[in-house]
Amino acid sequence: MRSLLFVPGDSERKLEKGFAAGADVVIVDLEDSVAPANKLAARAVAASFIAGRRQQAGPIIYVRVNDLSSGLTDADLAALVPVKPDGIMLPKSNCGQDVQQLAAKLRVREAENGLPDGGTRILPIITETAAGVLAAASYAGASTRLAGLTWGAEDLSAAIGARAARDENGRYTDVFRLARAMTILAAGAAEVAAIDTVFPDFRDMAAFETECREAERDGFTGKMAIHPAQVPVINAAFTPSAEAIARSKAVVDAFAAAGNPGVVGIDGKMYDRPHLRLAERLLARAKAAKIPV
Ligand code: COA
Ligand code: MG
């Protein structure tokens, strides 16, 4: 999961475009990009579109449902689980228990629809409420359905009354940097993927590229997109380079050749167990991106 592209669930035109954008994951949105008056129509449009795509090769399909306090989640699931999305994105998640609550709902729907128990994954957005940021540690072990953790700045701004999430230089302010960092740490603790949030200024490709590079440097393994043009930039940034793969293979090979010791020297530099773990992680990402290693 390098690139995860949001597509408003009520727009057939955008659904067509979004599924052809080259994203690893398409997130069909029933939440914030759909007006309240359009929720009912969006469920029908999204469900019939996904049903038509299910048999074809294509991106992994997630559906972003409305949050658990909206009163809309059950109807979203009733309409969309029958078309077998690969996963559900849970917005405004407050803690691991919210994921468990969604998991229980999914279990019932899976049974009703003759689907394998536990097959539908869950990707929560964990920083859209103040309580959510503070409970980041609660996702570890919450559910075997957990596919990753991601974060969001817009709803958190609204929740805490921050007028902006970034300063005059475009840098996230402290609360948002904390939310971003908590997501990386919580994903590490839960041993799932850390997915970076969206970049709303979809015409500014230079700033977007920089943000992708920094996210990859800091431990995110993928990023969400709001526009098809962002997808190739994300895929490039989160696909390990040939050079990085060669370096990681050299580390793994050196440990293997030396009989798997605690530490080895390569070209006059020390490499110990954390370097080996990092190299193995990078090679796993390359494999997931279908690059021969
Ligand atoms: N998925 C699929 N297609 C998209 C798309 C998306 N996320 N964003 C844009 N497109 C399509 C447009 O419909 C347009 O197609 P068209 O020429 O056939 O009409 C084409 O790509 C070019 O779009 P562009 O003119 O550059 O942007 P726009 O003004 O039409 O759309 C947004 C801008 C922000 C409204 C649009 O990108 C969007 O809806 N993004 C997703 C929003 C979302 O889901 N938010 C929730 C998560 S934060
Ligand atoms: Mg939102």
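Count residues from 1 along the sequence. Only heavy atoms go into these numbers, but all of them, side chains included; no hydrogens, no water, no symmetry mates. Predicted model, so just to flag it, every value in this text is computed and none were measured. Whatever order the structure lists them in is the order used to number ligands and atoms, beginning at 1.
- Side-chain contact between Asn66 and Lys39 is present, with at least one heavy-atom pair separated by less than 4.5 Å.
- Atom OG of Ser241 and atom CZ of Arg247 lie 6.5 Å apart (nearest 0.5 Å).
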Could you pull out all donor-acceptor pairs under 3.5 Å where a side-chain atom in residues 229-239 meets a protein atom, sequence neighbours excluded?
unit_1, atom_1, unit_2, atom_2, d
Gln230, OE1, Ile226, N, 2.9
Gln230, NE2, Phe199, O, 2.9
Asn235, OD1, Ser3, OG, 2.6
Asn235, ND2, Gly22, O, 3.1
Thr239, OG1, Arg2, NH1, 2.6
Thr239, OG1, Asn235, O, 2.4

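- Of all N/O/S atoms in Asp32, OD2 sits nearest the Mg ion (ligand 2).
- Salt bridge absent: Arg285 and Glu280 never bring a charged side-chain N and a carboxylate O closer than 4.0 Å.
- Taking the centre and axis of the six-membered ring of Tyr172, the NZ or CZ atom of Arg166 falls inside the cone set by 45° and 6.0 Å.
- Using a cutoff of 4.0 Å between basic side-chain nitrogens and carboxylate oxygens, Asp76 and Arg109 are not scored as salt-bridged.
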Report the C-alpha separation of Arg43 and Asn38 in whole Å, then their side-chain angles, then the decisive distance to 0.1 Å, and conclude whether the side chain to side chain donor-acceptor pair (under 3.5 Å) test is met.
CA-CA 9 Å; Arg43 284 183 199 121; Asn38 230 12; over 6 Å; no
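- When the Mg ion (ligand 2) is compared with the N/O/S atoms of Asp155, atom OD2 turns out nearest.
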For each nitrogen or oxygen atom of ligand 1, which protein N/O atoms lie closer than 3.5 Å, and how far apart are they, rounded to 0.1 Å?
unit_1, atom_1, unit_2, atom_2, d
ligand 1, 7 (N), Phe6, O, 2.8
ligand 1, 7 (N), Ile226, O, 2.7
ligand 1, 15 (O), Lys17, NZ, 3.2
ligand 1, 18 (O), Arg13, NE, 2.9
ligand 1, 18 (O), Arg13, NH2, 2.7
ligand 1, 18 (O), Lys17, NZ, 2.8
ligand 1, 19 (O), Arg13, NE, 2.9
ligand 1, 19 (O), Arg13, NH2, 3.3
ligand 1, 23 (O), His227, NE2, 3.3
ligand 1, 26 (O), Arg203, NH1, 2.9
ligand 1, 26 (O), Arg203, NH2, 3.1
ligand 1, 26 (O), His227, NE2, 2.7
ligand 1, 37 (O), Ile226, O, 3.2
ligand 1, 39 (O), Lys14, NZ, 2.8
ligand 1, 40 (N), Ile226, O, 2.8

